[in-house]
Amino acid sequence: MAAAGKFITFEGIDGAGKSTHLGYVADLLAARGHTVVMTREPGGTPLGEKLRELLLHEKMHLETEALLMFAARREHIAQVIEPALKRGDWVISDRFTDATFAYQGGGRKLDIGKLSVLEQWVHPHLQPDLTLLFDVPLEVARTRLDATRTLDKFEREEAEFFAATREGYLRRAAEFPGRFRVIDSTRPIPEVHKLLEEALASI
Ligand code: TYD
């Protein structure tokens, strides 16, 4: 039987710089001979991408938002993540469940116990092998965002929301130190690359 693949997730507040490094990590893994599947949340499937449109642009109750995140995730796991891991591919997902704990739990202050119930329901046996958390102070993230594009529903939130979201991420990292690597994303790109290489060498 082929060895099962590995599951790597990229996390961080908007503007933390994770998108800059996705391609670098994918190339490193491909150079190591792995077949790499790149995907993202919310999204990753045709249905998930429709839900993403709603999630990023429609106003809704905060529990509806959390439920739709997990609904899109259920589909994503069934259609993309699990089949790829079974084939022995390496999956890189731009965000996963830690984002729900950070944004809906931290940022929007939704009860963490409810999110844990959903996590247990939707993926009781699946967790990333490695989670790369790109961490920067809020002001840095803000400057990077304002420079690049038209902002979506989340990106238009106030500083307080992002401070709480960042705290939410750091709490998850403290809770699961085995799989999290917190990357200081204020450092120059070559230094971040080095940190990423070290993190990948650990799995
Ligand atoms: P993002 O991943 O930053 O994509 P882009 O780089 O195209 O903007 O956008 C997704 C947004 O969705 C981001 O603001 C965080 C938010 N989000 C949640 O609030 N909860 C979640 O569970 C996930 C996966 C994302």
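Along the sequence shown, residues are numbered consecutively beginning with 1. All ligand and atom numbering here is 1-based and tracks the order in the structure.
- Looking at Arg95, Met69, Lys18, it is Met69 that brings a heavy atom closest to atom 18 (C) of ligand 1.
- Contacts with ligand 1 closer than 4.0 Å are made by heavy atoms of both the backbone and the side chain of Thr100.
- Heavy-atom distances between Glu65 and ligand 1 stay at or above 4.0 Å for every pair.
- Remark: side-chain polar atoms of Glu49 are paired, donor with acceptor, to backbone N or O of Gly44 under 3.5 angstrom.
- Closest to atom 6 (O) of ligand 1, if we only count protein heavy atoms, is Arg149 NH1, 3.6 Å.
- Among the candidates Leu22, Leu132, Thr39, the single residue satisfying the side-chain contact (heavy atoms from CB on, under 4.5 Å) test with Ile92 is Leu22.
- For ligand 1, the atoms sitting less than 4.0 Å from at least one non-hydrogen atom of Tyr103 are 14 (O), 15 (C), 18 (C), 19 (O), numbered in the order shown with element in parentheses.
- Taking any N or O of Arg40, backbone or side chain, none lies under 3.5 Å from an N or O belonging to ligand 1.
- Of all protein heavy atoms, the one closest to atom 25 (C) of ligand 1 is Pro42 CD, 3.5 Å.
- Listed by number with element, the atoms of ligand 1 under 4.0 Å from a non-hydrogen atom of Glu41 are 24 (C).
- Residues Thr100 and Arg73 bring a donor and an acceptor atom of their side chains to less than 3.5 Å of each other.
- For Ser116, the side-chain contact (heavy atoms from CB on, under 4.5 Å) test picks out Phe101, Ile112, with sequence neighbours left out.
- Every atom of ligand 1 with a heavy atom of Glu155 under 4.0 Å away is listed here by number and element: 8 (O).
- The side chain to side chain donor-acceptor pair (under 3.5 Å) test with Arg179 is passed by exactly one of Asp98, Thr9, Asp129: Asp98.
- Between Tyr103 and Phe154, the ring planes lie perpendicular to each other; the angle is over 60°, past the 30° to 60° tilted range.
- Residue, atom and distance of the protein heavy atom nearest to atom 19 (O) of ligand 1 are Gln104 NE2, 2.9 Å.
- None of Val36, Thr35, Leu29 except one satisfies the side-chain contact (heavy atoms from CB on, under 4.5 Å) rule with Asp89; the exception is Thr35.
- The side-chain contact (heavy atoms from CB on, under 4.5 Å) search around Pro83 returns Arg87, not counting sequence neighbours.
- Contact analysis puts Arg52 in contact with ligand 1, with a non-hydrogen atom separation below 4.0 angstrom.
- For ligand 1, the polar-atom distance check finds an N/O of Arg73 within less than 3.5 Å of one of the ligand's N/O atoms.
- Taking NE2 of His76 as the start and CD1 of Ile81 as the end, the distance is 4.0 Å to the nearest 0.5 Å.
- Protein heavy atom at the shortest distance from atom 13 (C) of ligand 1 is Asp14 OD1, 3.5 Å.
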